[in-house]
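Taking it in order: structure first as C-alpha cells, then the write-up.
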Number of protein chains: 2
Amino acid sequence: MKRVDIGVLSEKSGVSPSTLRYYEEIGLIQSVGRHGLRRQFDAQTATQLALISLGKMAGFSLEDIKGMFAKDGSPRLPRAELHLRADALDQQIRDLSRLRDALHHVADCPAETHMECPKFKRLMNFAARTNTRHKV
Amino acid sequence: MKRVDIGVLSEKSGVSPSTLRYYEEIGLIQSVGRHGLRRQFDAQTATQLALISLGKMAGFSLEDIKGMFAKDGSPRLPRAELHLRADALDQQIRDLSRLRDALHHVADCPAETHMECPKFKRLMNFAARTNTRHKV
DNA sequence: CTGCCACTTCAAGTCAACTTGAGGTCAAGC
DNA sequence: GCTTGACCTCAAGTTGACTTGAAGTGGCAG
C-alpha cells in the first residue's frame, strides 16, 4: 500500500493538515507511520476522506461517521442498517429536491408574496418537521 | 392573518420556544405581538420555519439563510442568483445520491474490503473536494 | 553545513447554534 | 382569589468542529 505525507494527502483531499491531525486524534482516520516527524497516511485515506465529506454533507456528525466506518473505512454496520440509512438519506434527498424546486419557483413565480402562493406553500409544508440532524 | 402563541408554533413546527426566541433575536423571524408576556407569531411563520429547516439541511448557516429571505420569508435575492443556488443545490443532491448508492453498494457487495472495491472507489472519488459548506 | 519551511505537540481560543439557570410574570382553570 | 405552568429576560454555559499560537524538530536544497 502506498504511503503519502500529510501534506500530500492534505493537498489531494482539500483537508487541512490540522484537520487531519484532529481526525486522527478523535479516531476517525489513522496514520501508518512517520517520515521524520511527519505523519504518513495510506493513500486510501483519500477515499475515506471523500466518504467523510459526503457524510458531513448529509448532516452526520463526526461521531456518527466514526460509528459507521472503521478506521480503515470499512463499514461497521449490518446490511439492514446500511439500507435503512440509505433510505433516510433518500428522504433527505427528496427534501432537498423540494428546496431546489422552491428556489426555482420563487425565482420565476410572479406572485407578490411567496408566503401566500399556494404552490410555494405546498412545496414547503411537506418539509415541516423534517429534522436537520440524523439521529443515530 | 392568524396569530399563534409561541407554544403553538413550537408544537406545530417542532422548533423549541427557546430556539424561536433565538431566531427572533438574530432577526431570522419576527413576532407580531404579545399575549400577556407570550410572543405571538403569524401562523405563516410555520412555513418559514420549514424553509429554514430545509436551508439548514442543505448546509446553509442561519446567517446565510437570513441573507436569502426577509423576515417575512420573501426572497431577498435576484432571480439569477436564486437559480444559481438551486443549481449548486442540485450538485449537492447528486453527491448525496452517490453516498446513498455507496451505502446500498457496501450493504450488498460481497467484497472483503470496500476500500479496495473498484466500484466503490469510483463512487467515492467523484466526491473528493466537494465542500460540505456552501460559500455565500 | 546552514537555512528554511512544513511539519510536530499541547493548550487555548473561536464560532455557530443553541440550551440552561435564576429569578420573575401572567392568563387560565379550579 | 390562588395556584400552576408555560412563558418571560438576561447572562452564562455547552457542544462540535476546528484553528491558532508558542516553542520545537528534521529532511532537503543550495
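Below, chain A is the first sequence line, B the second, and so on; all start at residue 1. These numbers were taken from a predicted model, which means no experiment stands behind them.
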With respect to the phosphate group of C/dC18, does any side-chain polar atom (N or O) of B/Lys56 fall under 4.0 Å of OP1 or OP2? yes

Please tell me if B/Tyr23 has a side-chain N or O lying less than 4.0 Å from either OP1 or OP2 of C/dC18. yes

Tell me if a side-chain donor or acceptor on A/Ser13 pairs with a main-chain N or O of A/Leu49 at a distance below 3.5 Å. no

Categorize A/Arg39 for me: base, sugar-phosphate, or nothing, with a 4.0 angstrom heavy-atom threshold over every strand shown. sugar-phosphate

Could you state the interatomic distance from CZ (B/Arg100) to CG (B/Asp95), rounded to the nearest 0.5 Å? 12.0 Å

To the nearest Å, how far apart are A/Glu24 CD and C/dT9 P? 8 Å

Hey, does A/Ile6 reach any base, or is it just sugar-phosphate, or nothing, if we go heavy atoms under 4.0 Å? sugar-phosphate

Distance check needed: D/dG16 P versus A/Leu28 CG, whole Å only. 14 Å

Atom pairs, N/O to N/O, protein against nucleotides 27-29 of chain C, distance under 3.5 Å?
unit_1: C/dA27; atom_1: OP1; unit_2: B/Gly36; atom_2: N; d: 3.4

Can you tell me how far CZ of B/Arg76 sits from CE of B/Met68, rounded to the nearest 0.5 angstrom? 11.0 Å

Rounded to the nearest 0.5 Å, what separates atom CG in B/Leu62 from atom CD1 in B/Ile52? 7.5 Å

Using modelled atom types only, decide if a donor and an acceptor are shared between the side chain of B/Ser31 and the backbone of B/Gly33 within a distance under 3.5 Å. no

Proximity to the side chain of A/Ser16 - top-ranked nucleotide from D/dT19, C/dT9, D/dC18: D/dT19

Nearest-nucleotide wise, let me know which of A/Ser61 and B/Val8 is further upstream toward the 5' end of DNA chain D. B/Val8

Students often mix this up, so state it plainly: with edges at 30° and 60°, are the rings of A/His83 and B/His104 parallel, tilted or perpendicular? tilted

Protein-nucleotide distance (A/Leu20, atom CG; C/dA6, atom P), rounded to Å: 16 Å

Overall bend of the helix from C/dC1-D/dG30 to C/dC30-D/dG1 (five pairs an end, 10° steps) is 10°

In this structure, CD of B/Gln44 is separated from CD1 of B/Ile29 (nearest 0.5 Å) by 12.5 Å

Please determine whether a side-chain nitrogen or oxygen atom of B/Thr19 lies at a distance below 4.0 Å from atom OP1 or OP2 of C/dA17. no

What's the closest nucleotide to the side chain of A/Ser18 if the choices are D/dT19, C/dC7, D/dC8? D/dT19

I want to verify a distance call: between D/dC7, C/dC18, C/dA17, whose nearest atom is closest to the B/Arg21 side chain? D/dC7

Working to the nearest 0.5 Å, report the span between CD of A/Glu25 and CG of A/Leu20. 12.5 Å

Rounded to whole Å, how long is the line connecting atom CD of B/Glu25 with atom P of D/dA12? 14 Å

Of the candidates C/dT19, D/dA17, C/dC7, the side chain of A/Tyr22 sits closest to D/dA17

CD of B/Glu63 versus P of C/dA17: gap in Å, rounded? 8 Å

Can you identify which nucleotide, out of C/dT9, D/dC18, C/dA17, has its nearest atom closest to the B/Leu62 side chain? C/dA17

B/Asp64 atom CG is separated from C/dA17 atom C1', nearest whole Å, by 13 Å

Interatomic distance, CD@A/Gln40 vs OG1@A/Thr45, rounded to 0.5 Å, equals 11.0 Å

Protein-nucleotide distance (B/Ile26, atom CD1; C/dA16, atom C1'), rounded to Å: 9 Å

Report yes if the side chains of B/Asp42 and B/Lys2 come closer than 4.5 Å at any heavy-atom pair, otherwise no. no

Nearest whole Å is fine: how far is D/dG5 P from B/Asp5 CG? 18 Å

